[in-house]
Amino acid sequence: VRILGICGSLQAGSSNAALLSAALRHAPASVELALYGGLAALPHFNPDLERAHTLPEVDALRAAVASADALLIACPEYGHSLPGVLKNAIDWLIGTGELERKRVAITAAVVHPERGRAGLAALRTTLAAVSAELLFDAPVVRTGDPAPALAALFAALCSAPSGRE
Ligand SMILES: Cc1cc2nc3c(=O)[nH]c(=O)nc-3n(C[C@H](O)[C@H](O)[C@H](O)COP(=O)(O)O)c2cc1C
């Protein structure tokens with residue numbers, strides 16, 4: 001199963017990036033997890049731009065998402081919503097359909113189990129717009145051992161596709 005990991009934070013010391021690093025270490029043998037690193041280089045979403053130019057960063061994002069069987073998004077909460085940089089990336093994918101019916105796990109590295117949930121809810125709303133198949137949706141407390149949550153996350157992402165069993 002090819003999974004693309006996307007971190008919604010650009011901070012060098014990001015706890016969500018650390019969670020994705022832990023996911024690399026804990027990925028089952030059947031999983032090929034690659035991390036997308038292009039979020040900061042994407043232009044601000046504007047359909048006019050691609051009418052005028054080829055946008056290599058956007059093409060690379062679309063190709064990476066299209067070639068993945070599933071996505072793992074680690075997403076901090078900012079202002080009770082998802083980070084603008086992550087919404088920007090998703091906006092580039094909405095019109096071209098790479099996220100349609102894509103299998104997705106969303107999580108957030110948080111200091112307390114009740115934190116980060118509004119960010120995940122906002123991300124869920126956006127992913128519903130493209131009929132993504134949400135298979136895991138829960139924050140992970142960053143002070144604890146992430147292994148049990150990551151095992152549940154990978155089990156959900158690697159489960160038999162619905163309707164195709
Ligand atoms: C400007 C700003 C706004 C934030 N807003 C929220 C918020 O609304 N809810 C929340 O739970 N955490 C909020 N946080 C905390 C971040 O989600 C938290 O620092 C998170 O760990 C950042 O992700 P990262 O460690 O992957 O960079 C905010 C942090 C900053 C700097």
Side-chain angles (χ1 to χ4, degrees), residues 1-28 31-46 55 57-58 60-94 98-99 102-130 132-158:
V1 179
R2 281 163 305 158
I3 300 177
L4 182 69
I6 300 177
C7 180
S9 170
L10 302 181
Q11 290 200 90
S14 164
S15 51
N16 285 283
L19 181 57
L20 288 177
S21 296
L24 284 172
R25 294 193 299 277
H26 290 283
V31 163
E32 194 184 304
L33 175 61
L35 301 187
Y36 171 72
L39 210 63
L42 288 172
H44 293 163
F45 179 66
N46 177 353
L55 302 172
E57 297 86 357
V58 174
L61 168 69
R62 288 173 177 159
V65 172
S67 66
D69 299 308
L71 301 186
L72 162 53
I73 303 175
C75 167
E77 177 177 323
Y78 286 128
H80 293 180
S81 192
L82 73 164
V85 287
L86 179 61
K87 179 62 164 60
N88 183 55
I90 294 172
D91 286 347
W92 280 114
L93 299 168
I94 287 175
E98 291 82 5
L99 280 173
K102 186 67 77 180
R103 296 161 66 79
V104 181
I106 64 175
T107 187
V110 294
V111 289
H112 183 276
E114 291 313 312
R115 296 294 293 270
R117 291 184 181 272
L120 291 177
L123 178 56
R124 195 161 58 234
T125 299
T126 295
L127 291 173
V130 288
E133 193 180 348
L134 204 54
L135 297 167
F136 183 94
D137 174 5
V140 175
V141 178
R142 61 198 195 204
T143 47
D145 176 7
L150 289 171
L153 185 154
F154 281 121
L157 273 187
C158 298

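All values below come from the heavy atoms of this structure, side chains included, with hydrogens, waters and symmetry mates left out. In each ligand, atom 1 is the first atom listed, and ligand 1 is the first ligand listed.
- Of all heavy-atom pairs spanning Ala74 and Leu20, the tightest one is CB-CG, 3.9 Å.
- At least one side-chain heavy atom of Leu19 sits under 4.5 Å from a side-chain heavy atom of Leu150.
- In plain terms, the two heavy atoms of Leu99 and Ile90 that are nearest each other are CD1-CG2, 3.9 Å.
- Side-chain contact between Val111 and Arg142 is present, with at least one heavy-atom pair separated by less than 4.5 Å.
- From Asp91, atom CG reaches atom CD1 of Ile94 across 5.0 Å, with rounding to the nearest 0.5 Å.
- Listed by chain and residue number, the protein contacts of ligand 1 are Ser9, Gln11, Ser14, Ser15, Asn16, Pro76, Glu77, Tyr78, Gly79, His80, Arg115, Gly116, Arg142 (heavy atom within 4.0 angstrom).
- Side-chain contact between Ile106 and Leu127 is present, with heavy atoms from C-beta onward closer than 4.5 Å.
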